[in-house]
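Structure, as C-alpha cells:
All values below come from the heavy atoms of this structure, side chains included, with hydrogens, waters and symmetry mates left out. Since we're looking at a predicted model, the values are computed, not measured. Positions are given from 1 along the sequence.
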Amino acid sequence: MNDKPAGWYYVGDGTLRYRDDYGWTEYYMDTKDPRAQDWPPPQPKTLLQQLREDEAARSTAAAHRGSRVTTLFGRRRAQH
C-alpha cells in the first residue's frame with residue numbers, strides 16, 4: 001500500500017514526522033529533541049507510555065514530598 005515503511009522521516013525545517021502503515025500521522029518531533037539523537041527515535045506510542053510513566057512517578061513523588069513537609073512542620077490535615 002505505502003511505498004515507505006513506518007518510522008520517523010525528516011520533513012524539513014528541523015522537523016521529523018511519523019509515518020505509520022496507513023500514511024502520515026499528526027506526530028512531529030524537533031530534530032533538537034534529545035529523544036531524536038538516538039536514531040531512530042521511539043515510536044509515538046512508546047513516547048506516550050514513557051510520558052504517562054514519568055507523570056505517575058512525579059505525582060507519587062509530589063504526594064510523598066507533601067507528607068514529609070507536613071511531618072516536618074507538625075501539621076496534619078483534618079480528617080473528613
Side-chain angles (χ1 to χ4, degrees):
M1 185 169 175
N2 288 323
D3 54 340
K4 295 182 180 182
W8 290 98
Y9 290 89
Y10 183 76
V11 292
D13 294 328
T15 305
L16 301 173
R17 188 172 183 186
Y18 192 77
R19 181 182 178 100
D20 64 12
D21 293 331
Y22 302 103
W24 293 109
T25 66
E26 71 277 4
Y27 300 108
Y28 291 90
M29 183 184 296
D30 192 285
T31 55
K32 294 178 184 171
D33 188 318
R35 298 171 294 185
Q37 301 306 314
D38 295 327
W39 191 258
Q43 294 180 359
K45 71 178 184 179
T46 305
L47 293 173
L48 291 172
Q49 182 62 34
Q50 290 171 346
L51 179 64
R52 287 184 188 117
E53 290 169 0
D54 291 347
E55 287 293 321
R58 272 197 293 275
S59 65
T60 302
H64 181 69
R65 189 172 41 250
S67 66
R68 228 179 326 146
V69 170
T70 56
T71 304
L72 256 173
F73 291 105
R75 297 180 186 167
R76 297 206 178 250
R77 289 186 176 177
Q79 299 218 354
H80 299 278

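Considering every non-hydrogen atom in both D21 and A6, the closest pair reads OD1-CB, 3.8 Å. The minimum heavy-atom distance linking R17 with V11 is given by the pair CB-CG1, 3.7 Å. Here the closest heavy-atom approach between residue A36 and residue P41 is recorded as CA-CG, 3.8 Å. For the residue pair T31 and Q37, the shortest heavy atom distance occurs at O-NE2, 3.0 Å.
Residues passing the side-chain hydrogen bond (donor to acceptor under 3.5 Å, both in side chains) test with E55 are R58, sequence neighbours excluded. Under the rule for a ring-ring contact (aromatic ring centres under 6.0 Å, His included), Y28 has no partner lying at least two apart in sequence or in another chain. In this structure, the salt bridge (Lys or Arg N to Asp or Glu O under 4.0 Å) partners of D33, at least two apart in sequence or on a different chain, are R35. Residues that satisfy the side-chain hydrogen bond (donor to acceptor under 3.5 Å, both in side chains) test with Q49, not counting sequence neighbours, are E53. With sequence neighbours excluded, no residue forms a salt bridge (Lys or Arg N to Asp or Glu O under 4.0 Å) with R52.
When hydrophobic clusters are built by joining Ile, Leu, Val, Met, Phe, Trp and Tyr residues whose side-chain heavy atoms come closer than 4.5 Å, directly or via intermediates, L48 is grouped together with L16. Linking Ile, Leu, Val, Met, Phe, Trp and Tyr residues whenever their side-chain heavy atoms come within less than 4.5 Å leaves Y22 and Y27 in two separate clusters.
Sorted by first then second residue, the side-chain hydrogen bond (donor to acceptor under 3.5 Å, both in side chains) pairs that include residues 6-15, not counting sequence neighbours, number zero.
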